[in-house]
Amino acid sequence: MELRELHVFVTVVEEGGFSAAARRLHVSQPALSQTVSGLERQLRVKLLVRSRTGVRATDAGAALLGEARAVLARHDQALRTMARFAGGGGGVLRIGIPLEFPSRLLNPALAELAEACPDTRVQARHLSTAEQLAELHAVEGSPP
């Protein structure tokens with residue numbers, strides 16, 4: 001089994017069909033169908049029940065789905081870990097936020113950032129515009 005095959009299988013199940021999965025993955029529907037059929041032949045089990053309304057996982061498919069998600073998540077974690085050694089991740093992002101900026105607008109964006117970049121620490125500070133400029137000049141080493 002290859003990671004690509006697992007990714008295709010998970011996407012087909014999540015999307016409920018080959019056409020939607022093909023659109024999500026930007027590949028042709030026949031290519032996805034061939035990939036899943038090849039995986040079924042390789043594992044010697046039927047993974048999906050196909051119908052006019054879409055697909056659903058068989059018992060074997062449901063078992064593979066859980067395992068495939070775990071393998072793909074572990075693969076993603078390994079890539080994130082290695083990115084730290086390559087200098088591609090982590091660090092600190094400092095954000096100056098105007099005092100009047102509503103936190104209800106900022107919190108969802110910060111949550112999305114934390115999920116997308118888990119190794120990046122965010123330091124958000126509520127400052128006036130003048131204080132933000134002074135902090136920016138202090139970091140740059142130039143006078144305000």
Side-chain angles (χ1 to χ4, degrees), residues 1-40 42-43 45 47-51 53-144:
M1 260 184 297
E2 296 179 13
L3 289 174
R4 178 188 61 79
E5 293 170 317
L6 294 177
H7 183 64
V8 164
F9 172 72
V10 169
T11 303
V12 169
V13 173
E14 288 177 350
E15 292 295 327
F18 287 94
S19 296
R23 283 190 297 275
R24 181 169 147 190
L25 295 173
H26 307 287
V27 297
S28 71
Q29 182 271 330
L32 291 186
S33 185
Q34 288 175 353
T35 299
V36 172
S37 293
L39 190 57
E40 288 176 324
Q42 180 183 358
L43 297 174
V45 294
L47 298 171
L48 299 173
V49 175
R50 295 152 177 89
S51 70
T53 59
V55 299
R56 67 173 178 78
T58 63
D59 288 342
L64 179 62
L65 181 62
E67 295 295 332
R69 284 179 172 152
V71 167
L72 293 170
R74 191 69 182 109
H75 175 259
D76 291 346
Q77 177 61 43
L79 291 176
R80 284 191 297 274
T81 299
M82 292 299 101
R84 281 188 238 134
F85 290 97
V92 177
L93 174 63
R94 292 179 183 89
I95 302 173
I97 304 163
L99 296 170
E100 62 279 356
F101 193 84
S103 62
R104 65 177 160 57
L105 297 177
L106 185 63
N107 290 340
L110 290 177
E112 189 174 321
L113 176 64
E115 186 175 324
C117 305
D119 297 329
T120 300
R121 250 182 336 119
V122 176
Q123 293 177 345
R125 294 182 55 200
H126 287 277
L127 303 168
S128 69
T129 301
E131 290 171 319
Q132 287 183 44
L133 289 171
E135 290 283 334
L136 182 60
H137 288 294
V139 170
E140 292 176 350
S142 61

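Every heavy atom of this structure was used, including side-chain atoms; hydrogens, water molecules and symmetry mates were not. Keep in mind that what you see is a predicted model, and the values were worked out from it rather than measured.
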Heavy-atom closest pair, residues G17 and V55: N-CG2, 3.8 Å

Residue pair A62 / A57: nearest heavy atoms and the distance that separates them: N-CB, 3.7 Å

Heavy-atom side-chain contact between L3 and V71 under 4.5 Å: yes

Smallest separation among heavy atoms of A22 and S28, with atom names: CB-C, 3.9 Å

Non-hydrogen side-chain atoms of L110 and V122 separated by less than 4.5 Å: yes

H75/L6 under side chain to side chain contact (heavy atoms under 4.5 Å, CB included): CA gap, chis, key distance, verdict: CA-CA 12 Å; H75 175 259; L6 294 177; over 6 Å; no

Identified side-chain contact (heavy atoms from CB on, under 4.5 Å) partner of L39 from the options L64, V45, V8, L48: L64

Value rounded to 0.5 Å, distance of CG in L47 from CD in Q42: 10.0 Å

Short side-chain to backbone donor-acceptor contact, E5 and E2, under 3.5 Å: yes

Residues R56, E15: salt bridge by 4.0 Å N-O rule: no

Side-chain (Q29) to main-chain (S19) donor-acceptor, under 3.5 angstrom: no

Presence of salt bridge, R24 and E14, under 4.0 angstrom: yes

Between CZ on residue F9 and CZ on residue R4, distance to nearest 0.5 Å: 14.5 Å

Neighbour count above 12 (heavy atom, 6.0 Å) for D59 CG: no

Flag side-chain contact, heavy atom, 4.5 Å: L113 against L93: yes

